[in-house]
Amino acid sequence: MNEPPALSIRGLRRSFAQGGETIEVLKGVDLDVRRGEIVALLGPSGSGKSTLLQAAGLLEGGWSGSLSIDGVDVRGLDDRGRTAIRRQSLGFVYQFHHLLPDFSALENVVLPQLVAGSGLAEARRRAADLLGALGLAARLSHRPSQLSGGEQQRVAVARALATRPVLVLADEPTGNLDEATAQKVLASFLDLVRHEGSAALVATHNRALAARMDRIVELHEGQVQPVAQAVRVPG
Ligand code: ADP
Ligand code: MG
């Protein structure tokens with residue numbers, strides 16, 4: 001069977017009106033992410049990585065072009081339809097963990113599953129499995145403030161994968177960590193995404209981290225361009 005890509009974007013344009021001027025940030029982005037594929041989105045600060053991820057995450061309107069998630073053209077959807085896709089088909093990891101401060105690590109990973117319709121026992125089992133796979137088996141009842149920065153991001157990774165999304169969107173997921181911790185958290189993230197079979201689009205400006213993903217594309221002057229594999233570095 002011919003499965004649709006996890007993400008398919010054609011001719012995506014997005015501009016912002018700013019002080020009487022219009023800034024064109026995305027000028028016709030074309031990008032496919034296949035099911036199970038992990039794609040690094042490179043580009044310097046201000047190149048539009050977050051703008052692209054917010055469009056793909058159905059978090060913002062205001063763009064034109066076409067965008068499909070798992071074969072569903074999202075232009076035809078109303079608010080409810082977009083929310084359903086976000087909950088069931090997408091997972092998000094941000095630069096800052098955005099965990100709920102009054103809930104434990106386990107509860108933070110349970111909650112999106114309950115919202116998506118899972119039962120409590122199954123949701124707790126899956127949350128414990130994911131956190132265990134990320135090396136947090138001894139941290140299940142810790143609150144975010146009782147965890148290190150790297151541990152907080154691992155919980156955010158578990159939360160993003162909890163509902164078995166077809167596509168994970170990650171916006172500089174290790175950008176707030178020191179280099180050594182970033183390497184380790186990214187390695188765990190990539191292992192888990194591969195094990196789960198999700199696809200991922202990961203914005204970063206770190207070429208060494210990008211080189212560990214399946215494919216690299218770069219945002220340049222408002223368009224997405226392939227990057228030659230020559231940038232791959234060992235390790
Ligand atoms: P990146 O994530 O690659 O650093 P962004 O997508 O955050 O880049 O921003 C790209 C450009 O779009 C920047 O010049 C930024 O100032 C502009 N921009 C982003 N969001 C807005 C907004 N809500 N209003 C006006 N300009 C914006
Ligand atoms: Mg950004």
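We count ligands from 1, going down the list as the structure has it; atoms in each ligand are counted the same way. This is a predicted model, so every value here is computed, not measured.
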### Task
Could you tell me whether Ile23 and ligand 1 have an N or O pair separated by under 3.5 Å?
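It does not: no N or O of Ile23 is found under 3.5 Å from an N or O of ligand 1.
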### Task
Return yes or no for this condition: an N or O of Glu60 is under 3.5 Å from an N or O of ligand 1.
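Checking ligand 1 against Glu60, no N or O pair falls under 3.5 Å apart.
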Distance from [atom] to nearest protein heavy atom, with residue and atom:
atom: atom 6 (O) of ligand 1; result: Thr51 OG1, 2.6 Å
atom: atom 14 (O) of ligand 1; result: Gly46 O, 4.0 Å
atom: atom 19 (C) of ligand 1; result: Phe16 CE1, 3.5 Å
atom: atom 7 (O) of ligand 1; result: Ser50 CB, 3.7 Å

### Query
Do any N or O atoms from the side chain of Lys49 and from the backbone of Gly43 form a donor-acceptor pair under 3.5 angstrom?
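Checking the backbone N and O of Gly43 against the side chain of Lys49, a donor-acceptor pair under 3.5 Å is found.
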### Message
Treating Asp214 as the side-chain partner and Glu37 as the backbone partner, does any N or O pair qualify as donor plus acceptor under 3.5 Å?
### Response
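Here the side-chain-to-backbone pair does not exist.
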### Query
Is ligand 1 under 4.0 Å from a heavy atom in the side chain of Val25, in the backbone, in both, or in neither?
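Side chain only.
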### Task
Give the intermediate values and the outcome of salt bridge (charged side-chain N to carboxylate O under 4.0 Å, His left out) for residues Arg207 and Glu218.
CA-CA 10 Å; Arg207 284 179 183 268; Glu218 186 154 16; 3.0 Å; yes
### Environment of the Mg ion (ligand 2) in terms of protein N/O/S atoms, cut-off under 2.8 Å
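Metal shell, protein only: Ser50 OG.
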### Query
Which of the listed options, Gln18, Gln95, Glu24, holds the heavy atom that is closest to atom 25 (C) of ligand 1?
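Closest candidate by heavy-atom distance is Gln18.
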Residues 84-96, side-chain donor-acceptor partners within the protein, below 3.5 Å, at least two apart:
residue : atom : partner : partner atom : Å
Arg86   : NH1  : Leu58   : O            : 2.5
Arg86   : NH2  : Thr83   : OG1          : 3.3

